[in-house]
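Residues: numbered from 1 along the sequence shown. Below, all heavy atoms of this structure are taken into account, side chains as well, without hydrogens, waters or symmetry copies.
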Amino acid sequence: MRPFRNLKIASLIQKELGEMLIREFDFEGALVTIVEVAVDERMENAFIKLSILPFHKGPEMFTMIDSRKRGLRGKLLRKMNIKPMPRLVFKISNPPEN
């Protein structure tokens with residue numbers, strides 16, 4: 001595989017998915033940001049780490065995003081036109097400890 005391809009794809013996914021989250025979701029007083037995207041070497045999975053503020057809204061926002069991941073993947077495929085398009089695996093980043 002070409003060097004750095006998965007890093008470039010991860011960067012593109014972060015940019016495009018961030019714009020999609022802003023356009024398509026109403027987070028109702030929560031702030032959702034993409035902290036990190038990592039694509040595995042075989043381009044099968046894209047691990048997307050989300051930060052959700054306030055923390056008590058995290059599970060609700062996560063289930064809303066996770067339930068629509070197939071549609072988001074399809075829109076990313078049309079927008080980016082890469083084959084294979086990695087599956088989206090969402091995770092919530094851990095809250096900072098005081």
Any donor-acceptor N/O pair, Arg73 side chain to Met85 backbone, under 3.5 Å: yes

Distance, nearest 0.5 Å, that separates CD of Glu24 from CD of Glu19: 11.5 Å

Output for pair (Leu53 CG, Phe55 CZ), nearest 0.5 Å, gives 5.0 Å

For Lys79, all residues meeting side chain to side chain contact (heavy atoms under 4.5 Å, CB included), sequence neighbours excluded: Glu16

Side-chain contact test, heavy atoms from C-beta onward, threshold under 4.5 Å: evaluate it for Ser93 versus Val35 and give yes or no. yes

Main chain of Arg87, side chain of Glu44: is a donor-acceptor contact present, judged purely on distance under 3.5 Å? no

Does any part of the side chain of Phe4, heavy atoms only, come nearer than 4.5 Å to the side chain of Asn6, both counted from C-beta? no

Looking at CD of Glu36 and NZ of Lys91, how far apart are the two atoms once the value is rounded to the nearest 0.5 Å? 9.5 Å

On a heavy-atom basis, the closest approach of Ile92 and Gly58 is CD1-O, 3.8 Å

Non-hydrogen atoms of Leu77 and Ile82 that approach each other most closely: CD1-O, 3.1 Å

Between Ser67 (side chain only) and Thr63 (backbone N and O only), is there a donor and an acceptor less than 3.5 Å apart? yes

Nearest 0.5 angstrom please: Leu50 CG to Leu21 CG, how far? 7.0 Å

Tightest non-hydrogen contact, residues Val37 and Ala10, listed as O-CB, 3.4 Å

What are the two closest non-hydrogen atoms of Val39 and Met43, and how far apart are they? CG1-SD, 3.7 Å

Output every pair passing salt bridge (Lys or Arg N to Asp or Glu O under 4.0 Å) with a member in residues 56-67, not counting sequence neighbours, ordered by first then second residue. Asp66-Lys69

Please enumerate all residues that pass ring pair (Phe, Tyr, Trp, His ring centres under 6.0 Å) together with Phe27, with sequence neighbours excluded. Phe25

Over all heavy atoms of both residues, which pair between Pro54 and Gly29 is shortest? Give the atoms and the distance, please. CD-O, 3.9 Å

Side-chain heavy atoms under 4.5 angstrom apart, residues restricted to Ile, Leu, Val, Met, Phe, Trp, Tyr: same cluster for Ile48 and Ile9? yes

In this structure, would Met61 and Val89 fall into the same cluster of hydrophobic residues linked by side-chain contacts under 4.5 Å? no

Is there a side chain to side chain contact (heavy atoms under 4.5 Å, CB included) between Lys75 and Leu17? Walk through the geometry before answering. CA-CA 9 Å; Lys75 289 178 182 180; Leu17 189 60; over 6 Å; no

Near Arg70 CZ, under 6.0 Å, is it more than 12 heavy atoms from other residues, nucleotides or ligands? no

Testing the basics here: between Lys83 and Arg5, what is the closest heavy-atom pair and its distance to 0.1 Å? O-NH2, 3.8 Å

Could you grab the distance from atom CZ of Phe90 to atom CG of Leu72, nearest 0.5 Å is fine? 5.5 Å

Within this structure, what is the CZ-CG distance for the pair Arg68 and Leu88, rounded to the nearest 0.5 Å? 13.0 Å

